[in-house]
Protein chains: 4
Amino acid sequence: MAGVNKVILVGNLGADPEVKHLEGDKVVANLRLATTEAYKDRNGNRVENTEWHDLELWDGQAKIAEQYLKKGMQLYVEGKIKSDSWQDEQGNNRKRVKIRVINFTMLGGRPEGAGSPSQGTSAYSGNSPKPAAVPVMDSPGEEDDLPF
Amino acid sequence: MAGVNKVILVGNLGADPEVKHLEGDKVVANLRLATTEAYKDRNGNRVENTEWHDLELWDGQAKIAEQYLKKGMQLYVEGKIKSDSWQDEQGNNRKRVKIRVINFTMLGGRPEGAGSPSQGTSAYSGNSPKPAAVPVMDSPGEEDDLPF
Amino acid sequence: MAGVNKVILVGNLGADPEVKHLEGDKVVANLRLATTEAYKDRNGNRVENTEWHDLELWDGQAKIAEQYLKKGMQLYVEGKIKSDSWQDEQGNNRKRVKIRVINFTMLGGRPEGAGSPSQGTSAYSGNSPKPAAVPVMDSPGEEDDLPF
Amino acid sequence: MAGVNKVILVGNLGADPEVKHLEGDKVVANLRLATTEAYKDRNGNRVENTEWHDLELWDGQAKIAEQYLKKGMQLYVEGKIKSDSWQDEQGNNRKRVKIRVINFTMLGGRPEGAGSPSQGTSAYSGNSPKPAAVPVMDSPGEEDDLPF
DNA sequence: TTTT
DNA sequence: TTTT
C-alpha cells in the first residue's frame, strides 16, 4: 500500500556543498545540515542539541546547490529518508541513512550587502547577491533546468 | 538558531513492538516500520521500493505501543531524526539513525470483525477490538498516562 | 522569496466525491474531509473536535477520486491552502479557503471482504476491491494518467 | 478515529502582530503571513502567486509574538486549520479559516547590523538584536513562559 | 457530512 | 499587507 516518507528540516549548512559531476550529465551534491533544538532541562538550564543530516541532491538541484549554497546558510528542506545497506570488510551489515532532497529553499539571506566584499572564504556572510531569489525546487520533472 | 527536524511517515509494522521496561518506570518500545512507494520506471514497469525505519517510543507511548500495536498494522507517525554515534571494536566511527516518535495514530483498523477469531498469532488481522480508538499521542507532558 | 504552504491531513470523507467534467478534458473533484481530534478537558472528560476541510483535486487525481473514493473512507492528504476572494451581492468582501490536493493515498481499507455484499449504497464498507492499491498521486506531470 | 490536521508555512509577515490582552491573563495575537510561490507558466514567464494566511497565537506564544515579531520578518510556522462558523446579519452561513499556531520560529534574522540604526518604524530591518535566538515554541504546557 |  |  502506498506509504508516506517525508522529512522536513530547517537548519544551517555545516560546509559548502560537495558536488560530483558523473558521466551522462548526472550531478550529485552532498550537504551537511545541522538542525538545532534548544530547551530547558529539569534544572532550568538551557540545553542545545544539534543533529547533523546528510543530504543528497541530484541534477538540477545539485547544480543550484553548487552555484548558490554556502557553508552557514539557512535552508528549508523537504525530502525523504533513504538508506543504503552493505557489508563492510569484516562482513558486518552496515547501513547509512541519507535525506534525498525533494525540494528546498534558502531562508533569510538579507542581501542588502552594502559594502560586503566577496571574501576569499566561502563562508556565507548573508550578503551574497540575491541568494534568496532561488525558488523552491520541486524534483519531479522540472528539476533539470535552472529555474531562472 | 532554532531549527526544525520533522519526520512524517505512513507505513506498516514489520513486527510486533519490542518493549523494554527500564528502572525508574521508564519504558522504551522499538518498532520497525516499512514505507513503500510505487512508481513506474522509464519502461512503464511498476516498481516498488520499501524503506525500513527504526522507531523509538518512550513511556506512555511505549505502553500504548505494547498494548495495541501489532505486526502488520498501518500507522501514521510523526517524529524527529535522532542519531547515535559511537566507535565499534575496530575503532571505526559508527552512526545509527532512529526516528524518535512524537506522536502516532493507528490507521484503518476496520474492527467490525464479523467472524474474526482471535488467532494465536500476533499478526494484525484488522479485527482487533477498537484499536482505532487510540488517539494521537502527543509527547510533551501528557504522554505518561494512557489516554483513555 | 520562495515560501512554503503545506497541509497534511488524515481524516474521513463525509460524502462521495463531487466531480465535474469541464471542457477541454479538465476534471475537478471536490471532497469533504473530516479531521477529528480527541482530548480530555480540564475535568477529565473526553472531548471530540471535528474540522471539515474542502478539498479540490484536478484532472488525473480527480478521475481517481471519482473512481475509487467513497463516503467514509480514510485518507492521507497532502496539499496547500488556496483561497478565493470575491465580492458578494451586498458588496462585502468574501473569502473561501480550500485545500488544493498535491497527493493523497487511501488508508486502511482492509479489502478481504469476507461476506461483504456490494451494497446498493455508495458508502464505504471497507470491503471494496483493493482500494488500498492506489498509490500516492503526485501532481506535477504524472497526474494526468491513472497510475496503474 | 484520531486524525491529523497539520499546516506548515514559511513566509513573511505583512504587518506587526495585533495583540489583545483578555481577562484572566489570556493573550491572543493575530498575524498575517504571506507565502509566495514562483513558477513559470507555459509561456516561460515567471509568475508569482501569494497566499495570505490568518494566524492565531495564544498566551506564551502571543507574548513572544508581541515582543519580537515585526512586519516583514520571515517565519516558519506549524499549526492546524481551524474554522469559525456563524450566521451573518442576512442569515447566511459564514465560515472563516484561521491557522492556530502550534509552534513557530523566526528565520534568517541576520542580526549583526553593522551600521543599522534603530529606525522609528517598526518594520523589520533584519537588524534587531538577536531575534533568531528565539527558539521554536511548542504549545503544550511550556507555552506560558517566555523561553529564555 | 465522516470516523471512533 | 510581506518578500524577491
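To find a chain, count down the sequence lines: A is the first, B the second, and so on, and within it residues start at 1.
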With the side chain defined as heavy atoms from C-beta on, C:Glu48 is closest, among E:dT2, F:dT2, E:dT4, to E:dT4
State whether C:Lys6 and A:Glu78 are salt-bridged, where the test is any N-O pair (Lys NZ or Arg NE/NH1/NH2 against Asp/Glu carboxylate O) under 4.0 Å.
-> yes
Should the pair C:Arg46-C:Asp41 be classified as a salt bridge under the 4.0 Å nitrogen-to-oxygen rule?
-> no
Taking atom P of E:dT3 as reference, at what distance in whole Å does atom CG of C:Leu31 sit?
-> 15 Å
Grab the CE-P distance between D:Met73 and F:dT3 for me, whole Å please.
-> 12 Å
Specify the separation, in whole Å, of atom CE of A:Met106 and atom P of F:dT4.
-> 13 Å
Please identify each residue that fulfils salt bridge (Lys or Arg N to Asp or Glu O under 4.0 Å) with C:Asp84, with sequence neighbours left out.
-> C:Lys98
Atom CG of C:Leu13 and atom C1' of E:dT3: how far apart are they, to the nearest Å?
-> 11 Å
Per D:Asn12 side chain, nearest of listed nucleotides E:dT4, F:dT3, E:dT2 = F:dT3
From CG of A:Leu107 across to P of F:dT2 the rounded distance in Å is 20 Å
What integer distance in Å separates C:Lys70:NZ from E:dT2:P?
-> 16 Å
Quick one: does D:Thr50 reach the base of F:dT2 with a side-chain donor-acceptor pair under 3.5 Å?
-> yes
Figure out the OH/P separation between B:Tyr76 and E:dT4, and round it to whole Å.
-> 20 Å
Figure out the CG/P separation between D:Asp16 and F:dT3, and round it to whole Å.
-> 11 Å
Taking side chain to side chain donor-acceptor pair (under 3.5 Å) as the test, write out the residues that go with D:Glu66, two or more places apart.
-> D:His21
